[in-house]
Every structure is written in C-alpha cells, then in structure tokens.
Visitor: 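Structure in structure tokens, see below.
Small disclaimer: the values here were computed from a predicted structure and weren't measured.
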Amino acid sequence: MSGRSADATGSPFAPHTAEETAAMLEELGVDSEADLFDIPDEVAFDGEFGIPQRGEREVVRDLRETFARNDDLTEFLGRGHYSHYVPAVVDDLSSRSEFLTSYTQYQPEITQGFLQALFEYQSILVELTGLPVANCSMYDAATALAEAALLADRVRSASGSTVLVPEDLRDGKRATLDNYVDGSDLTVETYPYADGTADLDALAGRVDADTVFVYAETPTVTGAVEPALSAVGDLADEHDALYCVGSDPVALSLLEEPASVGADVVVGEAGALGLPTSYGMGLGLFACRDDFLRQVPGRLVGASEDADDRRAFTLTLQTREQHIRKERATSNICTNQAWVALRAAMHAAYLGPDGLSDLAETCVREAAALADDLDALDGVTAPLHDRHHFREFAVGVDDAPGVAAGLRERGFAVHVLDDETLQVCVTEVNAGAADDLVAAFAEVTA
C-alpha cells in the first residue's frame, strides 16, 4: 500500500492515481476495469435492483407467506449434516456480546476469554483424535480435507502426486477437493468400496510410489463404520503417503482413536456439535502430528505467560498469506469460524466425556433399531451393507424415487441414492418419529 496521504493523487486506501490506472490498463490491452470481468448480461447489475419499496410490516407479512410454503417434514437426512439437540445453554452463552460481536482474536489483551475457549476446543479435538495438534479455524469438512491434501503435497517425501479418496464421497466434498488441487501438480483418483467400506484388495492395487495422500472415512458417507482403518494406514505407510482419516467429534468419542491406527491427519465436521442442521454452514476440524505443526492451515491458539508470569492465551501460529510472506504461507483460508468453534466446545463441555459417549452410543443403538424394524418389512432391506452403522444406513427398495415420494406425502424426508437405494439417518432428535417412519414405509411399499 502506498504511504502517500489522501489527496488528488490518491489515498492510503485506494492509492492508484488516474495516470497509474491508465498505464496498467494500457499494459493489459483493455480500455477500462470493467473489461477485466466477464459478467453475463443477465446477471450484470444495471443500476436498478428491481425490488419495490416496502415497509417493515409488509416485508414481515411477505416473509411469513413465503415460509408458510415450506413443507412440514420430519427429516431423516444426514450425509454430512446431522441434527443433534443443542442445549439452551449453548445459545445463551454464545450469544453474549463479548462472543457474538468478536472478530478474530488478534488482540490477546482484550480477548482472553474467547482465546481460552478456543484453546479448550483444540484440546477437546486433541483428546478425541489422539493427535497432538489441532487448529481452530476451518470452513467445513470439505475444506479441511482439501487442506490436508495440500499439506501432504508440501511435507511428504514421496515423489508422487496422486490423492486417493473413496469413490463414495459426498459430492460437495469431492468438488471442493478438486477445486483446491486445481493448479497444483496433484491429481485426485478414487478407490472402490466393498459392502459399504474400503475394498482393501482394490486399494492395495492402487496405492503405489506415485501416491502422496490416502483418505478414509469412518463412519462413511452412508454411515458404515470402517473396520479396516489400520490396514488402510499400513498401505499408506508402506508407500510413504500421508494417511488422513475423516470423522466427527461425536463418532470419535466412541470409535477407534485415529492416532492408534496410524493417522497423520484427522479432518471432519465438528459442527455436529453446537450447531443445528444448516445444510451449508459448518466447522471443519483439523488435527495432525507434531511434525506438521508449521504446515497447519488456519490458526492455532496457544498457552503462554504474560509479563507478570500469569497464564495467558494468544494466537500462536497463523500461517496464512495475510500474516506471513506469501511464499511461506500454507493456506489463504480466511473466514473466522471461531464463534462456531466456541459453540462446539460449549456443547462438548456441557455433555462431558460420559455424555458425549452416551450420545454416540445412542447414534449406534437407534440406527440399529430402525434398520431392524425396516428390514422386517416386505420389499425392504436394511441396512443394505453388512456393517456396523453410526447414525445412518442405506436401505434397499424396488423403486427408491417412488418410495421417497410416498414418504414425502406422509411427512418424511429421506435421501435417494439411486433407483433402488435410499438412505436414512436417525439421531436423538428424530428418534421419536422412527415408528411413524416405519409405518409410512409399510404403507408405501405394501
């Protein structure tokens, strides 16, 4: 930024003079700044919004009419977006002004409370994953996965460039990964599933000297608990590839600790705690080994001491482009998820270790019970995969779109995976409607 004062030659905030701007445009071969953008006419702003003026009362009325058109459905939806009961204390405490209005905690002298809460959030993830380093700022599970792949490209001694992920990966997660690696030397390839989890024989045939990153999920996108995490980790280790495990904090409280199966990095959706189902907004968890400390994207909160030898918290590491030299930056991830991380930490602290594991056991128990009830119906197979399941499972039927439409008419929403497969997700929030869902299935499939 220019250091000149604000005058006719420019300002500290928009420093280019008219002559400088003209020179740059001439160098680029265009007549104006607008020529640098290819905006379709149908979406280009023409100076008019086309929105008639309304008073507050009219706007409220119109919004109520719009919301009234929403279907009143009981959702049995999952695939990365999970509905768990968020205690009222989380809403109450996180809405305090010192939390709700806080920006990134750049000034430790005035944000000790928030920084400590984020330190606790990181500590919770460290305990759940078994890995010693966790950050506090990822957009969601998809960006956390993509950042892990880029980390592998930076730190692994393997000469390859192949990123291996399951073929059954949520569309948004795969698209984000593809976007992140575009422009790098990395290429994304897939390995198949067998009965809902990793096909080890097929994976063994695809992991080679060109592999730099192997990703496995537990539970998978269809809710199956991966039984071969250690074997997948061994395959990655044999070829010096970074091993990344995807999960979430509720599942991690019950399933195998990723560090114990050789995971180098753990990613996932931490918004399973502290957030209602939003189908968009999330919170990515990212934990890794000590070796990668200075390669972690986002921010790390650390504990230190102030000038009076009192324990104090501060942003210890910020490796994004805004804070260090561009060539040394690991990521340009910017959006501050601190408030969402705060809510997740509050929810986890409210539940405590026993409460969190009880919630996880509920996710296993309710899924198994609902699958048994559905499987007892003629023409329904549940779960479709012979695996243990967490929250959700695939259901086999003759006409999945038709069954889903019939369920919708009866007030229930489920996922349609293909012509013969549905997916159902059950948690403590919708478990009370499980019997009604089974009755609706019976009517539709009769």
Visitor: At their closest point, which heavy atom of Val444 faces which heavy atom of Gly406, and how far apart are they?
Guide: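 For Val444 versus Gly406, the nearest heavy atoms are CG2-C, 3.7 Å.
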Visitor: Does any non-hydrogen side-chain atom of His385 lie less than 4.5 Å from one of Thr222?
Guide: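 The answer is yes, as the side chains (C-beta and beyond) meet within the 4.5 Å cut-off.
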Visitor: Any donor-acceptor pair under 3.5 Å linking the side chain of Gln423 with the backbone of Val221?
Guide: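 Yes, the answer is positive, given that a donor and an acceptor are paired below the 3.5 Å cut-off.
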Visitor: Indicate yes or no: at least one non-hydrogen side-chain atom of Pro192 is less than 4.5 angstrom from one of Asp199.
Guide: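 Result yes, sub-4.5 Å side-chain heavy-atom pair found.
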Visitor: According to side chain to side chain donor-acceptor pair (under 3.5 Å), who are the partners of Asp178, at least two apart in sequence or on a separate chain?
Guide: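 With sequence neighbours excluded, Asp178 shows a side chain to side chain donor-acceptor pair (under 3.5 Å) to Arg174, given in chain and number order.
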Visitor: Which residues pass the side chain to side chain donor-acceptor pair (under 3.5 Å) test with Thr218, not counting sequence neighbours?
Guide: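 With sequence neighbours excluded, Thr218 shows a side chain to side chain donor-acceptor pair (under 3.5 Å) to no residue whatsoever.
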Visitor: With no hydrogens and no angle check, is any side-chain donor or acceptor of Thr421 less than 3.5 Å from a backbone partner on Leu417?
Guide: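 Checking the backbone N and O of Leu417 against the side chain of Thr421, no donor-acceptor pair under 3.5 Å is found.
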Visitor: Starting at CD of Glu257, measure out to CD of Glu127 and round the result to the nearest 0.5 Å.
Guide: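 Between atom CD of Glu257 and atom CD of Glu127 there are 9.0 Å.
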Visitor: Hey, could you give me the CZ/CG distance between Arg408 and Asp71, rounded to the nearest 0.5 Å?
Guide: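 The distance works out to 4.5 Å.
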Visitor: Check Val395 against Val424 and note the closest heavy-atom contact, atom names and distance.
Guide: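 Closest heavy-atom pair between Val395 and Val424: CG2-CG2, 4.0 Å.
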Visitor: Which residue is it: Thr427, Thr362, Asp248? I am looking for the one with a side-chain hydrogen bond (donor to acceptor under 3.5 Å, both in side chains) to Arg391.
Guide: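 Checked Thr427, Thr362, Asp248 against Arg391; only one passes side-chain hydrogen bond (donor to acceptor under 3.5 Å, both in side chains): Asp248.
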Visitor: Could you state the interatomic distance from CG (Leu300) to CG (Leu293), rounded to the nearest 0.5 Å?
Guide: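 Between atom CG of Leu300 and atom CG of Leu293 there are 6.0 Å.
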Visitor: In residues 41-61, what donor-acceptor pairs under 3.5 Å come from side-chain atoms, sequence neighbours left out?
Guide:
residue	atom	partner	partner atom	Å
Asp46	OD1	Glu48	N	3.0
Arg54	NE	Asp62	OD2	2.8
Glu58	OE1	Gly55	N	3.1

Visitor: With rounding to the nearest 0.5 angstrom, report the OG1 to CD1 distance, Thr129 to Ile124.
Guide: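 One finds 12.0 Å between OG1 of Thr129 and CD1 of Ile124.
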Visitor: What are the two closest heavy atoms between Ala433 and Thr74, and how far apart are they?
Guide: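 Distance-wise, the nearest heavy atoms are CB-CG2, 3.9 Å.
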Visitor: Can you find a pair of side-chain heavy atoms, one from Arg410 and one from Glu443, that are under 4.5 Å apart?
Guide: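 Answer yes - side chains close enough.
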Visitor: Donor-acceptor pairs under 3.5 angstrom involving side-chain atoms of residues 180-191: please list them, not counting sequence neighbours.
Guide:
residue	atom	partner	partner atom	Å
Ser184	OG	Val181	O	2.6
Ser184	OG	Leu186	N	3.1
Tyr191	OH	Tyr215	O	2.7

Visitor: Measure the CZ-CG distance between Arg96 and Asp92 for me, rounded to the nearest 0.5 Å.
Guide: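 Rounded to the nearest 0.5 Å, the CZ-CG separation comes to 8.5 Å.
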Visitor: When you look at Leu407 and Phe441, which way does the side-chain contact (heavy atoms from CB on, under 4.5 Å) test go after all the steps?
Guide: CA-CA 7 Å; Leu407 292 175; Phe441 257 97; 3.6 Å; yes
Visitor: Taking Pro297's backbone N and O only, do any of them form a donor-acceptor pair with Asn135's side chain (distance below 3.5 Å, no angle check)?
Guide: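 Yes; at least one donor-acceptor contact below 3.5 Å.
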Visitor: Quick one: does any side-chain atom of Asp195 pair with a main-chain N or O of Asp386 as donor and acceptor, under 3.5 Å?
Guide: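 Looks like yes, one N/O pair under 3.5 Å.
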Visitor: Looking at Asp264 and Leu131, what are the two nearest heavy atoms and their distance?
Guide: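 Smallest heavy-atom distance, with atoms named: O-CD1, 4.0 Å.
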Visitor: Taking the side chain as every heavy atom from C-beta outward, state whether Asp419 and Asp399 have any atom pair closer than 4.5 Å.
Guide: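 Counting from C-beta outward, Asp419 and Asp399 never come under 4.5 Å.
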Visitor: Could you measure the distance from the CG atom of Leu203 to the OH atom of Tyr193? Nearest 0.5 Å is fine.
Guide: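 These two atoms lie 10.5 Å from each other.
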Visitor: Between Thr220 (side chain) and Glu217 (backbone), is there a donor-acceptor pair under 3.5 Å?
Guide: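 Such a contact is absent between Thr220 side chain and Glu217 backbone.
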Visitor: Is it true that a side-chain atom of Gln122 and a backbone atom of Val301 form a donor plus acceptor pair closer than 3.5 Å?
Guide: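 A pair under 3.5 Å: yes.
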Visitor: Run Asp210 and Ser161 through side-chain contact (heavy atoms from CB on, under 4.5 Å) and show every step you take.
Guide: CA-CA 6 Å; Asp210 194 50; Ser161 60; 4.1 Å; yes
Visitor: Could you check whether any side-chain N or O of Asn430 sits under 3.5 Å from a backbone N or O of Glu75, counting only pairs where one atom can act as donor and the other as acceptor?
Guide: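 Yes; at least one donor-acceptor contact below 3.5 Å.
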Visitor: If you apply the rule side chain to side chain donor-acceptor pair (under 3.5 Å), what do you find for Tyr82 with Glu392, and how did you get there?
Guide: CA-CA 10 Å; Tyr82 303 114; Glu392 53 196 330; 2.4 Å; yes
Visitor: Given side-chain contact (heavy atoms from CB on, under 4.5 Å), test Phe390 with Val250 step by step and report yes or no.
Guide: CA-CA 10 Å; Phe390 192 90; Val250 180; 3.9 Å; yes
Visitor: Keeping His81 on the side-chain end and Arg79 on the backbone end, is there a donor-acceptor pair under 3.5 Å?
Guide: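 Not confirmed, His81 side chain does not pair with Arg79 backbone.
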Visitor: For His84 and Cys363: C-alpha separation, side-chain torsions, deciding distance, then whether side-chain contact (heavy atoms from CB on, under 4.5 Å) applies.
Guide: CA-CA 10 Å; His84 289 294; Cys363 293; 3.5 Å; yes
Visitor: Is the closest side-chain heavy-atom distance between Leu242 and Cys244 below 4.5 Å?
Guide: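 Yes, close enough: below the 4.5 Å cut-off.
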Visitor: I'd like a table of donor-acceptor pairs (distance under 3.5 Å, sequence neighbours excluded) in which one partner is a side-chain atom from residues 224-238, with atom names and distances.
Guide:
residue	atom	partner	partner atom	Å
Glu226	OE1	Ala198	N	2.9
Glu226	OE2	Ala228	N	3.0

Visitor: In terms of ring plane angle, is the pair Phe119 and Phe313 parallel, tilted or perpendicular, where the classes change at 30° and 60°?
Guide: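 The arrangement is tilted - the two ring planes meet at 30° to 60°.
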Visitor: Using only heavy-atom distances, determine whether the side chains of Thr143 and Asp140 contain a donor-acceptor pair under 3.5 Å.
Guide: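 There is such a pair between these side chains.
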Visitor: With a 6.0 Å cut-off (strictly less than), is the heavy-atom count around CG of Asp436, excluding the residue itself, greater than 12?
Guide: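 Correct, the count exceeds 12.
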Visitor: Measure across Ala367 and Phe393 and return the closest heavy-atom pair with its distance rounded to 0.1 Å.
Guide: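 Ala367 and Phe393 have their closest heavy atoms at O-CE2, 3.4 Å.
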Visitor: Considering only distance and modelled atom types, tabulate donor-acceptor pairs under 3.5 Å from the side chains of residues 342-359, sequence neighbours left out.
Guide:
residue	atom	partner	partner atom	Å
Arg343	NE	Gly274	O	2.7
Arg343	NH1	Asp91	OD1	3.0
Arg343	NH1	Ser94	OG	2.9
Arg343	NH2	Asp91	OD1	2.8
Arg343	NH2	Gly274	O	3.0
His347	ND1	Gly274	N	2.8
His347	NE2	Tyr85	O	3.3
Ser357	OG	Pro353	O	3.2
Ser357	OG	Asp354	O	2.9

Visitor: Would you find a donor on one side and an acceptor on the other, under 3.5 Å apart, between the side chain of Arg289 and the backbone of Val265?
Guide: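 Side chain of Arg289 to backbone of Val265: no pair is present.
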Visitor: Taking Thr162 for the side chain and Thr211 for the main chain, is one N or O donor matched with an acceptor at less than 3.5 Å?
Guide: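 A pair under 3.5 Å: no.
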Visitor: Counting C-beta onward and ignoring hydrogens, is there a side-chain heavy-atom pair between Glu420 and Val397 closer than 4.5 Å?
Guide: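 The answer is no; the side chains never approach within 4.5 Å.
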Visitor: For the residue pair Thr445 and Asp378, what are the closest heavy atoms and their distance?
Guide: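 The pair with the smallest heavy-atom distance is OG1-O, 3.9 Å.
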Visitor: Do Val133 and Phe292 come within less than 4.5 Å of each other through their side chains, counting heavy atoms only?
Guide: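 Answer no - side chains too far apart.
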Visitor: Are any of the side-chain heavy atoms of Val90 and Leu273 separated by less than 4.5 Å?
Guide: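 No, too far: nothing below the 4.5 Å cut-off.
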